[in-house]
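Below is one structure; the comments refer to it alone.
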Amino acid sequence: MEESNKNLKLKIKQLKKEKNCLILAHYYTRKEVQQIADFTGDSLALAQRAADNDADMILFAGVRFMAETAKVLSPEKKVLLPVMEASCSLADSCGAEELERMKEQYPDHKVVSYVNTSVEVKALTDVCCTSSNALDVVGSFDKEQKIIFTPDANLGGFINNLTGRNMKLWKGACHVHDAVSVKSVEELKAEHPAAKVLVHPECRAEVVALADYAGSTKGIIDYAKNSDSEEFIIVTEPGVMYEIEREAPGKRFYSISRPNSCVECEYMKMVTLENIYEALLHEEPVVEIDEQVRCAAEKSIREMLKIK
Ligand code: 13P
Ligand code: SF4
């Protein structure tokens with residue numbers, strides 16, 4: 001296995017050089033996938049990098065909404081997504097037609113959408129956000145401005161609590177983070193009482209309430225790296241363990257994902273060295289987006305990038 005991974009990594013390296021292809025990977029992908037990426041990051045950093053690079057082609061090691069965002073921002077480039085079925089339960093919870101109906105119901109509301117949405121939903125959105133800039137994006141609107149927040153009710157509720165706003169929340173959730181229980185965090189805390197608890201805001205409010213810090217994957221990694229503490233309980237998808245241990249060697253990390261409470265994102269794990277190699281070799285599957293939809297979606301993503 002090690003040997004075949006080594007060979008595949010070499011072949012991928014050679015192909016991406018020949019084709020001037022940039023490989024972007026999210027922290028939730030497999031360790032060996034993160035190892036061959038040119039850049040790993042959270043959703044915001046990946047969108048920023050997709051908008052600003054001089055590659056001829058982008059291969060997205062992540063899920064479909066991320067690859068769509070890359071295509072929206074770099075329409076002239078071929079964008080490869082090794083597995084088209086790599087979806088996202090949160091993005092799937094928000095249909096464009098339903099959102100259109102909600103907008104008709106609340107015509108005086110602006111729409112803020114988490115980037116975990118389809119390109120069609122982004123096209124109906126005023127400003128996108130990620131978990132690392134949601135506070136700034138929502139804060140960019142007047143206090144009086146009414147807002148519909150899609151699709152993550154946990155993240156939206158978190159922002160409502162922090163800002164005192166009363167945004168209308170789409171009732172979506174990430175099946176991975178929403179499944180984390182208070183009990184599982186408390187059990188880990190009982191085993192490691194000195195550990196700081198770092199939580200992704202896609203988790204339920206009662207889980208976020210246990211956090212010493214709540215923020216995006218990159219926020220969690222940076223907090224662990226810069227904190228004086230030596231021990232941390234990591235309450236998000238366990239793919240981040242690879243980067244966090246690299247960034248903060250010598251510190252101790254306890255993932256919420258354990259044999260009896262596994263919180264892996266099966267969509268992120270669909271991307272493998274094998275399908276990356278095949279995608280690069282054949283230059284498919286390719287992400288295609290209707291131009292009218294792309295232009296409308298681009299506005300809401302660029303609005304976000306202007307804010308942060
Ligand atoms: P961030 O990397 O922006 O924290 O997002 C988490 C996530 O669920 C991506 O799908
Ligand atoms: Fe979507 Fe949740 Fe997987 Fe992120 S972890 S890609 S939000 S299903």
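Quick caveat, the model's predicted, so the values are computed rather than measured. Heavy atoms only: backbone and side chains are in, while hydrogens, waters and symmetry mates are out. When a ligand or atom number is given, it counts from 1 through the structure's own listing order.
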Give the contacting part of Y27 toward ligand 1: side chain, backbone, both or neither, where contact means a heavy-atom distance below 4.0 Å.
-> neither
State whether the side chain of S227 and the backbone N or O of A224 hold a donor-acceptor pair below 3.5 Å, judged by distance alone.
-> no
Does a side chain donor of either S257 or S255 reach within less than 3.5 Å of an acceptor in the other side chain?
-> no
Can F149 and L155 be said to form a side chain to side chain contact (heavy atoms under 4.5 Å, CB included), step by step?
-> CA-CA 9 Å; F149 187 91; L155 178 65; 3.8 Å; yes
For D42, the ligand 1 atoms with a heavy-atom partner under 4.0 Å come out as 1 (P), 2 (O), 3 (O)
Could you verify whether a donor N or O on one side chain and an acceptor N or O on the other, from T125 and S113, lie under 3.5 Å apart?
-> yes
Examine distances only and state if a side-chain atom of R252 and a backbone atom of E230 form a donor-acceptor pair shorter than 3.5 Å.
-> no
Numbering the atoms of ligand 2 from 1, which are under 4.0 Å from a heavy atom of H175?
-> 8 (S)
Hey, looking at atom 4 (Fe) of ligand 2, which of Y28, F65, Y267 has the closest heavy atom?
-> Y28
Is M66 touching ligand 1 with its side chain, its backbone, both, or neither, if touching means heavy atoms under 4.0 Å apart?
-> side chain
Assess E237 for proximity to ligand 1: is some non-hydrogen atom of it under 4.0 Å away?
-> no
Is any N, O or S atom of C174 under 2.8 Å away from atom 2 (Fe) of ligand 2?
-> yes
If the plane angle is over 60° it's perpendicular, under 30° parallel, otherwise tilted; pick one for H109 and Y106.
-> tilted
Where is the nearest protein heavy atom to atom 3 (Fe) of ligand 2: which residue, which atom, and how far?
-> C265 SG, 2.4 Å
Answer yes or no for E266: is there a heavy-atom contact with ligand 2 below 4.0 Å?
-> no
May I ask you to identify the nearest protein heavy atom to atom 7 (S) of ligand 2, giving residue, atom name and distance to one decimal place in Å?
-> N116 ND2, 3.2 Å
Does A96 offer a backbone N or O that forms a donor-acceptor pair with the side chain of E120 under 3.5 Å?
-> no
Only residue of H200, H177, K269 satisfying side-chain hydrogen bond (donor to acceptor under 3.5 Å, both in side chains) with E237 is K269
Quick one: look up the protein heavy atom nearest atom 10 (O) of ligand 1 and list residue, atom name and how far away it is.
-> N116 ND2, 3.4 Å
Run the numbers for me: atoms of ligand 1, each under 4.0 Å from some heavy atom of S216, listed by number.
-> 4 (O)
Tell me, please: is E237 in heavy-atom contact with ligand 2, that is, under 4.0 Å?
-> no
State whether the side chain of W170 and the backbone N or O of L99 hold a donor-acceptor pair below 3.5 Å, judged by distance alone.
-> no
Lys/Arg cation over aromatic Y223: K196, 6.0 Å, 45° cone = no
Nearest non-hydrogen protein atom to atom 6 (C) of ligand 1, with distance, is H200 NE2, 3.4 Å
If you measure from atom 1 (Fe) of ligand 2 to every heavy atom of C88, A173, A86, which option wins on shortest distance?
-> C88
Mutual orientation of the aromatic rings belonging to H175 and Y267 [parallel < 30°, tilted 30-60°, perpendicular > 60°] | perpendicular
Can you pull out the closest protein heavy atom to atom 5 (O) of ligand 1? Residue, atom name and distance to 0.1 Å, please.
-> S43 OG, 3.3 Å
For H177 and ligand 1, does the shortest N/O to N/O distance drop below 3.5 Å?
-> no
Quick one: does H26's side chain have a donor or acceptor within less than 3.5 Å of a partner on Y28's backbone?
-> yes
Quick note on ligand 1: atoms under 4.0 Å from a heavy atom of S131 include exactly 1 (P), 3 (O), 4 (O)
Heavy-atom proximity to atom 8 (S) of ligand 2, picking from S89, G239, S87, S131, points to S89
For E202, the atoms of ligand 1 under 4.0 Å from one of its heavy atoms are 6 (C), 7 (C), 8 (O)
